[in-house]
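What you are looking at is a predicted structure, and each value in this text was computed from that prediction instead of being measured. Counting convention: from 1, in listed order, for ligands and their atoms alike.
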Amino acid sequence: MKNVLDKLNWRYATKVFDNSKKVSKEDLNILLDAARLSASSYGLQPYHFFVIEDSEVRSKLRKASWNQSQITDASYLLVLANKPTFDDSLVDNYIDNIIETRGVTKKDVEGYSQMMKGALLGLPDEQKKSWTSDQTYIALGNLMTIAAEMEIDTCPMEGFDKAQYNEILGLNDKNLNASVVLAVGYRADNDETQNYPKVRYSKKQIITHI
Ligand SMILES: Cc1cc2nc3c(=O)[nH]c(=O)nc-3n(C[C@H](O)[C@H](O)[C@H](O)COP(=O)(O)O)c2cc1C
């Protein structure tokens, strides 16, 4: 059994996927649960995750991604979309979920609800958009780490045109915005990148103990 650091050294941003090997639906579902279980600020989960398998849609997305082959050759393309704006309903829906899940009353969670609304609803639109996008990266990290644990390859991707993705996937009408993408599959034997040593600063350079 490899230890966790071995798994993190094993993973790399896969450039060439073997399109003849497909990640099973069971494993995909574990990854989607890992995304769903991610932490988010206040627990609000201001995002939606898309699993793109349709080959026509993926061809279009590849054109909107600098023609990067991972978009079409991975087993699945996950698009993590954030809510570019939000109103009271973001908090109210979450509060309803807490009430249902934990069997508490509206009165029990009224203070929490008001606190979230006070902190978030008055933010300028640009901040709302960047704050919800930030949350998708936590899910991205979990997806990559859990995939590595399962010896499934991934490539996190920001190299795509968000406006084109939003158009192709019809996200604008749903108050969603393509934030970041994750290609999920198995590496091709001839992907040379897998042999490159990891380029990372030393602990001394990036960690300070106080
Ligand atoms: C948010 C994010 C966006 C990235 N976008 C791309 C991308 O569009 N295409 C690509 O080939 N790699 C992309 N990468 C991969 C990085 O270049 C890679 O993670 C980094 O060089 C470190 O290498 P490693 O992940 O193989 O250890 C991205 C990584 C992150 C975290």
Seminar exercise, completed: Under 4.0 Å from ligand 1, residues with heavy atoms, in chain and number order, are R11, Y12, A13, K15, Q68, Q70, Y137, C155, P156, M157, E158, G159, K198, R200
Problem set entry | Remaining members of hydrophobic cluster (4.5 Å side-chain criterion), L176 | F50, I52, V57, L61, I71, L77, V79, M157, F160, Y165, I168, L169, L171, V181
For this session: Verify whether one side chain among T132 and N82 offers a donor that lies under 3.5 Å from an acceptor in the other.
Result: yes
Exercise. What residues form a side-chain hydrogen bond (donor to acceptor under 3.5 Å, both in side chains) with N67, not counting sequence neighbours?
Worked result: R62
Problem set entry | Cation-pi, F86 ring and K128 (6.0 angstrom, 45 degrees) | yes
Problem set entry | Between T101 and N97, a side-chain donor and acceptor under 3.5 Å | yes
Problem set entry | Counterpart residues, side-chain hydrogen bond (donor to acceptor under 3.5 Å, both in side chains), relative to K117 (two or more places apart) | D92
